[in-house]
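I have placed the structure first, in the form of structure tokens, so that the comments after it can refer back to it.
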Amino acid sequence: MRVSELFTRTLRDAPADADLVSHQLAIRAGLVRPAAAGIYAIMPLGWRVIRNIARVLREEMDAVGGQELVMPVVQPAEIWQASGRWDVFGPVLQKFASDAGREFALAPTHEDMVAYLAAREIASYKQLPQVIYQIQTKYRNEPRPRGGLIRLREFTMKDAYSLHRDADDLARVYEEMVRAYWRVFERVGIEAVAVEADNGAMGGSGSHEFVLRHAQGEALFAACDTCDYRANSEAAAFVLDQPEIGALQPVEKVATPDCKTIEDVAAYVGVPRRQTLKAVFFVHERPESSRFVFVVIRGDLEVNEVKLINALGGGELRAATDDEIRATGAVPGYASPLGLDPGVLVVADQSVRAGANFVVGANDEGYHLTGVNVPRDFDPAHVADIAEAYEGRAVPAARRGICTWSGRSSWGTVSSLARATPRQSARPIWTRTGRPARS
RNA sequence: CGGGGCGUAGCGCAGUCUGGCUAGCGCGCACCGUUCGGGUCGGUGAGGUCCCCGGUUCAAAUCCGGGCGCCCCGACCA
């Protein structure tokens, strides 16, 4: 067909609100046209690209025994209530009611529908394993769509789901899926990097994310400079440095006026940041309850909320308000795990054991304590790795490689899930794979 | 949800601070001419709720109040 007959026109100037080069080119070339924030029309040229990618995906999914189907985008509330996720998913799940008052949701993912179908189709373990997949629209009511096509509300995803009778079978198909993904990326011409990922709220064990090294990506991943360790920022582990510990000092209360941040305190007292302890406050929310969480971490580190959620066993986190902090007896800016109400849940990062003679808040406006030691002065009930890795840390695998950070843009994940949805009993073990084909 | 920016012709912009000619410019579009050809050159022309609502004023794109939308940073991201 001639370009002169093309439905789409091309543009010499990119729209002012397109910042990323990829976004500018996609619009100027007429691949896509915006309809609303995070919602695009795929124009004829763009659709050709998607169809070509889809063809490759179908061939590779079929090659590992996948059966294609199409599940609905509009799904009745009952399916989400049955899996327990109707009330848990949060605002990303776009709910709406028909005029008659029947409740529906736009599918942001299809596990729940798969569970619904599998429960009706699979009558015996002899029917397993099964691999099904679809190339279908997803709708996620993202709080902030961004970067043109980087993060969309409405998008197309290839998602595959496998159902298994046991863990060995799952592990076998998991590996097949990972290999299938490599073939897809190779054929499509994407230089993907496989990184260890976290399953997040889906739970389960084992997850690989295929990412594109991309400066404007949504997030970061860590890569070891000497070994092949690769992990996204939610999953990256690192080796904690162990400062030399001299003689333990006694606890002393010192005045630290106007020192509400770690930088201020460290500078005022004259110690490195890693000789301070920082308190961070969250409210841990679950469908049935919410609880205040007092988190303690070494001053030079940041809390990784995904790790913290995992340490807490799931649920959601939000930052606590100052009022909620005061209600526990802690003083914002000068909070201390020492002398807290014993009813307050304290979770400490393992870094609190890496160091000595820490400077911590005194729970008294304008004062800090020095010479605080673990476990002599406080002994946290819960200690876990909840710190975010960062550039320059040694990675655990090689024990000496240095971690470097790169931007990442997610092109797909393969996850191995323990069990679909605990509330739906007699469900087979199944895995979810997939998340590519965002144009 | 917090911080910042923007909204004037299909696209890119000027005009707004300091209210007042008929709201302009480039590209694109239509028509006529021109060229072997061209992202050619020349001419003519169409196209505007100046984001919306309200207010101030003799007079509002411009000032004031409210709202909506879009983009960026952060929070979030199953």
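Side chains included, hydrogens not; waters and symmetry mates left out as well; all remaining heavy atoms used. In what follows, every chain begins at residue 1, and chains take the letters A, B, ... in the order their sequences are listed.
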Paired to G37(B) by Watson-Crick or G-U wobble criteria (both distances under 3.5 Å) is none
Anything under 30° is parallel, anything over 60° is perpendicular, the rest tilted; go ahead and classify Y40(A) against H23(A). perpendicular
D13(A) CG to G39(B) P, in whole Å, measures 18 Å
U22(B) -> Watson-Crick or G-U wobble partner, both distances under 3.5 Å, gives none
Mate of C1(B) across any strand shown (Watson-Crick or G-U wobble, both atom pairs under 3.5 Å) is G74(B)
Check: R9(A) side chain, G28(B) base, donor-acceptor under 3.5 Å | no
Paired to C29(B) by Watson-Crick or G-U wobble criteria (both distances under 3.5 Å) is G45(B)
Using a 4.0 Å heavy-atom cut-off, does P15(A) contact any base of the nucleic acid, only the sugar-phosphate backbone, or nothing at all? sugar-phosphate
- request: Test side-chain contact (heavy atoms from CB on, under 4.5 Å) on V131(A) and M177(A) and set out the steps.
  value: CA-CA 10 Å; V131(A) 178; M177(A) 276 293 164; 3.5 Å; yes
query: Using the P atom in both, what is the distance from A14(B) to A9(B), to the nearest Å?
result: 12 Å
In terms of heavy-atom contacts, L93(A) and R85(A) come closest through CD2-O, 4.3 Å
Next item on the list: Mind running side-chain contact (heavy atoms from CB on, under 4.5 Å) on T109(A) and D159(A) for me, showing each step along the way?
Entry: CA-CA 8 Å; T109(A) 177; D159(A) 44 330; 5.6 Å; no
Next on the checklist: Is the phosphate of A78(B) approached by R140(A) (side-chain N or O, under 4.0 Å from OP1 or OP2)?
Outcome noted: no
**Request:** Determine the interatomic distance between C1' on U18(B) and the same-named atom on U62(B); round to the nearest Å.
**Result:** 10 Å
Of the listed C70(B), A75(B), A78(B), the closest approach to the R85(A) side chain comes from A78(B)
- Determine the contact category for A18(A): base if any of its heavy atoms lies under 4.0 Å from a base atom, sugar-phosphate if only primed atoms, P, OP1 or OP2 are that close, otherwise nothing. nothing
Regarding the side chain of L11(A), the nearest nucleotide among A75(B), C71(B), C11(B) is C11(B)
Answer yes if the side chains of Q134(A) and H110(A) hold a donor-acceptor pair under 3.5 Å, and no otherwise. yes
Quiz item: G33(B) and C51(B): how far apart are their P atoms, nearest whole angstrom?
Solution: 40 Å
Checking N1-N3 plus N6-O4 or O6-N4 for Watson-Crick, or N1-O2 and O6-N3 for wobble, each under 3.5 Å, the partner of C6(B) is G69(B)
Legend entry - Integer angstrom distance from the P of G55(B) to that of G69(B): 23 Å
Could you tell me whether the phosphate oxygens of C73(B), OP1 or OP2, come under 4.0 Å of any side-chain nitrogen or oxygen in R144(A)? yes
The Watson-Crick or G-U wobble partner of C63(B), with both key distances under 3.5 Å, is G55(B)
